[in-house]
Amino acid sequence: MFKIVRREELSEGTVVLNEIEAPQIAKKALPGQFVILKSGEDGERIPLTMADTDKEKGTITIIYMVVGKSTELFKTLQVGDGYEDVIGPLGKPTHLEKVGKVVCVGGGTGVAVLHPITRALKQIGNDVTCIIGARNKGLLMLEDQMREASHDLRICTDDGSYGHHGFVTDVLADVLAGGDIKEVVAIGPVPMMKAVSNMTREYNVPTLVSLNPIMVDGTGMCGGCRVSVGGETKFACVDGPEFDGHLVDFDELNLRLRAYLDDEKNCHRDFCTIRDAQ
Amino acid sequence: MAEQGAKKQKNPRVAMPEQEPKVRARNFLEVPTGYTVKMAQEEAVRCLQCKKPGCVDGCPVGVDIPGFIDLIAQGDMTGAIRNLWAKNALPAVCGRVCPQEIQCEGKCIVGKKGEPVAIGNLERFAADYEREFGTGELPPVEPATGKKVAVVGSGPSGLTVAGDLILKGHDVTILEAFHKPGGVLVYGIPEFRLPKEIVAQEVDFLSRLGAKVECNVVVGRTVSIDELFEQGYDAVYVGVGAGLPRFMNIPGENYVGILSANEYLTRANLMKAYKFPDVDTPIPMGKNVVVLGAGNVAMDSARTAMRLGAESVKIVYRRSREEMPARIAEIHHAEEEGIELFLLTNPTRYLGNEDGRLTGMECLKMELGEPDDSGRRRPVAVEGSEFELECDLCIVAVGSGANPLLTSETPDMALNKWGNVVADLKTGKTTKKGVWAGGDIVTGAATVILAMGAGRDAANSIHDYLTLGW
Ligand SMILES: Cc1cc2nc3c(=O)[nH]c(=O)nc-3n(C[C@H](O)[C@H](O)[C@H](O)COP(=O)(O)OP(=O)(O)OC[C@H]3O[C@@H](n4cnc5c(N)ncnc54)[C@H](O)[C@@H]3O)c2cc1C
Ligand code: SF4
Ligand code: FES
């Protein structure tokens with residue numbers, strides 16, 4: 001069992017943070033890599049990109065949004081409980097390089113994944129601007145950590161309850177117009193990554209996105225995670241999860257992510273009905 | 001074994017009882033239900049106890065076939081299983097999944113005039129009898145040598161290596177990437193052909209002998225082979241299988257509803273998705289299902305789809321029946337269960353709707369032309385023969401290549417041009433010191449028994465190395 005040593009609820013309880021004992025994984029993990037978790041015998045294998053690792057303590061941190069039955073089950077786990085299976089580190093680590101001015105754009109729980117990458121980009125000497133967004137102020141995550149990890153933090157909310165009233169792309173447009181941006185890293189919901197990539201394409205700024213297709217094994221063995229990148233089929237779990245945003249077929253990814261939507265909805269509804277009746 | 005085409009003969013083979021096709025086509029219980037003692041003995045006496053038995057020549061690991069059959073005939077079931085174990089560590093598995101018709105049974109003298117002795121059925125009987133009535137007594141383990149061996153991958157090949165070396169007194173740890181051990185035996189071959197309970201018992205047997213099984217360890221990611229040596233392992237066996245799904249590479253392959261057989265079967269078997277929503281992993285429920293390919297993997301996929309409630313299941317294969325690589329029994333079972341064969345048919349593109357979901361595929365009719373490199377007649381397209389097949393689920397079972405995850409992280413272990421590990425034919429030694437390999441990662445997708453045979457050879461070589469040197 002992989003024990004949970006710290007648990008926090010973020011974004012009004014819609015997002016949960018778990019710090020988990022996994023010394024072998026913590027020792028090897030690099031920013032951008034993910035793990036697969038399964039909570040019990042009959043659980044589903046869920047891929048999540050690591051938000052942090054602590055080699056000394058031998059722990060990894062994951063942050064997930066509660067969206068379906070599997071994450072509802074994860075949410076029931078308290079400190080002292082654990083995951084039956086944690087597999088990793090999987091995927092290729094982020095390619096980190098000193099290039100100059102970099103912009104990191106995060107939306108939703110993508111901010112959690114963006115955090116270690118942002119921190120590393122700053123550490124190796126880049127000038128890092130960070131733009132993070134959420135639907136409203138209460139849902140915004142890791143504000144302090146992101147401020148710490150970057151040189152300049154910009155905040156957006158869809159409803160204007162905090163920071164800029166609007167989307168991360170509004171702010172990104174300004175920053176790009178300022179010129180001299182060498183790289184953009186965008187992690188968040190598919191529509192956000194698509195919008196960012198479309199915008200940076202016009203400015204010819206290389207853009208890295210982190211994809212989250214449906215996965216099973218995470219080792220290149222099933223092909224369930226296939227994505228089209230530059231007209232070629234790639235397995236996100238081994239060839240990614242990060243790809244050149246200008247080449248990714250986001251529309252296809254979006255359709256593929258909906259493969260089990262009905263099943264999941266029904267399953268989640270049944271779970272909540274039973275839970276609430278108890 | 002299928003008892004198809006049973007010719008009238010004086011001394012017919014004893015058929016193994018099976019679930020009725022109509023019933024079993026909708027459940028996941030094992031299809032053949034096993035011999036009774038009486039049936040087994042009746043079948044055993046059909047063996048002529050040849051002086052120069054053809055069957056043994058046909059067996060990749062040289063099981064003493066007349067020997068164990070004779071012990072069954074005499075009622076010495078313990079003797080029979082001991083005899084089998086001497087050459088084959090997993091008889092309950094092999095009795096069920098070996099392609100006997102091209103191995104032992106294909107060479108049986110009785111088969112020249114009628115039906116061969118049902119060697120596979122008898123092997124299965126002896127193993128099942130032991131599981132049910134055996135003493136469960138453990139074989140003696142030699143004194144500890146203090147040498148540590150890491151076995152990477154827990155398929156039939158890794159399990160064989162682990163079993164052999166633990167008996168020789170070495171300290172064995174199996175490292176498995178998935179959360180459950182067994183390799184293809186648990187994630188690929190379905191419950192109705194190989195109950196998972198049997199595989200679990202085999203693994204449990206190794207644990208009781210003292211082997212350690214560590215799941216969730218992806219060698220090449222969680223830990224590298226060099227790090228294993230740093231951790232104090234003296235030898236490493238690589239038995240990671242052929243885990244890289246091939247696709248058709250035709251337009252539309254990323255529509256929702258097109259899965260590799262690996263994904264489909266892993267969902268169904270390892271994740272038990274056929275019990276969804278009682279378990280959490282979903283699996284696509286196809287109404288009209290097409291399976292591409294004609295090997296065991298294709299048959300397993302087709303029969304799984306039928307059991308999940310499909311209205312129609314079609315196997316689409318570009319060659320003819322003769323070239324179908326699946327075990328005859330599986331083809332026969334599949335047809336009995338209502339699966340249609342579309343032979344000499346090749347898909348050219350997938351069709352989908354605006355939601356990106358599969359709705360059908362376009363195919364071409366083929367005919368057999370001149371023989372190709374493999375000696376099989378090459379299928380050539382019949383011009384203007386395009387037609388459409390309606391389907392909402394397509395399972396691609398056209399083979400597996402070598403998964404590069406571990407090998408790409410181990411640059412000093414040489415690969416051939418297809419990415420398979422280069423290993424000595426007799427010993428399994430790779431070009432990297434202290435590292436052996438065998439099974440599908442060396443041969444490309446093959447069979448359980450060949451993977452086990454390679455495991456046994458490597459275990460002997462590893463033992464020599466640990467006691468004598470490289
Ligand atoms: C659906 C299906 C049906 C089949 N039916 C038959 C049949 O009827 N008869 C027959 O003889 N053969 C059959 N085969 C073929 C047979 O199963 C294989 O040839 C055999 O299992 C190969 O054994 P192996 O030990 O080499 O590898 P596998 O059984 O593939 O086991 C390899 C194991 O290694 C693990 N692994 C992979 N990479 C790593 C890593 N980096 N670190 C740690 N672990 C790793 C895998 O998860 C897996 O558990 C079938 C195959 C399939 C897929
Ligand atoms: S060839 Fe057939 S008859 Fe002869 S020993 Fe083998 S199983 Fe018996
Ligand atoms: S998740 Fe199976 S290949 Fe990527």
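To find a chain, count down the sequence lines: A is the first, B the second, and so on, and within it residues start at 1.
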Handout entry: Option from B:Val289, B:Leu358, B:Leu351 for which side-chain contact (heavy atoms from CB on, under 4.5 Å) with B:Cys391 holds
Key = B:Leu358

Exercise for the section: If the plane angle is over 60° it's perpendicular, under 30° parallel, otherwise tilted; pick one for B:Phe28 and B:Tyr274. Expected result: parallel

Exercise for the section: Pick whichever of B:Glu227, B:Glu253, B:Lys180 has the most heavy-atom pairs under 4.5 Å with chain A. Expected result: B:Glu227

Problem - Donor-acceptor contact present, side-chain A:Thr59 to main-chain A:Lys55, <3.5 Å - result: no

Problem - Side chain, backbone, both or neither of A:Ile36 within contact of chain B (heavy atoms, under 4.5 Å) - result: neither

Handout entry: Any donor-acceptor N/O pair, B:Asn269 side chain to B:Gly188 backbone, under 3.5 Å
Key = yes

Practice task
May I have the step-by-step check of side-chain contact (heavy atoms from CB on, under 4.5 Å) for A:Met221 and B:Asn403, ending in yes or no?
Solution key: CA-CA 7 Å; A:Met221 172 277 202; B:Asn403 187 314; 4.2 Å; yes

Completion exercise
Applying a strict 4.5 Å limit to non-hydrogen atoms, the region of A:Lys38 in contact with chain B is side chain

Handout entry: Stepwise side-chain contact (heavy atoms from CB on, under 4.5 Å) test for B:Val398 and B:Val297
Key = CA-CA 9 Å; B:Val398 293; B:Val297 184; over 6 Å; no

Problem - Option that, when pairs with chain B are counted at under 4.5 Å, heavy atom only, ranks first among A:Thr219, A:Asp85, A:Ile87 - result: A:Asp85

Problem - Any donor-acceptor N/O pair, B:Tyr264 side chain to B:Cys394 backbone, under 3.5 Å - result: no

Completion exercise
The interface call for A:Ile214 against chain B, heavy-atom contacts under 4.5 Å, is side chain

Problem - Which of B:Pro277, B:Gly356, B:Pro282, B:Ser260 touches chain A most, by non-hydrogen pairs under 4.5 Å - result: B:Pro282

Problem - Contact origin within A:Glu252 toward chain B - heavy atom pairs under 4.5 Å - result: side chain

Practice task
Under 4.5 Å heavy-atom distance to chain A, tell me which part of B:Val217 shows up: side chain, backbone, both or neither.
Solution key: side chain

Practice task
Side chain from CB out, backbone as N, CA, C, O: work out which of these in A:Glu41 comes under 4.5 Å of a heavy atom of chain B, or both, or neither.
Solution key: side chain

Completion exercise
Honestly, the part of B:Leu244 sitting under 4.5 Å from a heavy atom of chain A is both

Exercise for the section: Give, as side chain, backbone, both or neither, the part of A:Val238 having an atom under 4.5 angstrom from any heavy atom of chain B. Expected result: both

Handout entry: Qualifying residue for side-chain contact (heavy atoms from CB on, under 4.5 Å) with A:Leu208, from A:His95, A:Glu242, A:Met193
Key = A:Glu242

Exercise for the section: Select one option (side chain, backbone, both, neither) describing which atoms of B:Thr222 are under 4.5 Å from chain A's heavy atoms. Expected result: both

Handout entry: Engaged part of B:Pro404 at the chain A interface, taking heavy atoms whose separation is under 4.5 Å
Key = neither

Handout entry: Heavy-atom pair count under 4.5 Å with chain B, highest-scoring of A:Arg258, A:Arg226, A:Arg256
Key = A:Arg226

Practice task
Determine yes or no for a side-chain-to-main-chain donor-acceptor pair under 3.5 angstrom, with B:Asp280 supplying the side chain and A:Ser70 the backbone.
Solution key: no

Handout entry: Side chain / backbone / both / neither for B:Asn254 at chain A, heavy atoms under 4.5 Å
Key = both

Practice task
Go through the steps for A:Tyr64 and A:Ile46 under the test side-chain contact (heavy atoms from CB on, under 4.5 Å), then give the verdict.
Solution key: CA-CA 10 Å; A:Tyr64 58 88; A:Ile46 302 289; over 6 Å; no

Handout entry: B:Ile258 portion near chain A, given a 4.5 angstrom heavy-atom threshold
Key = both

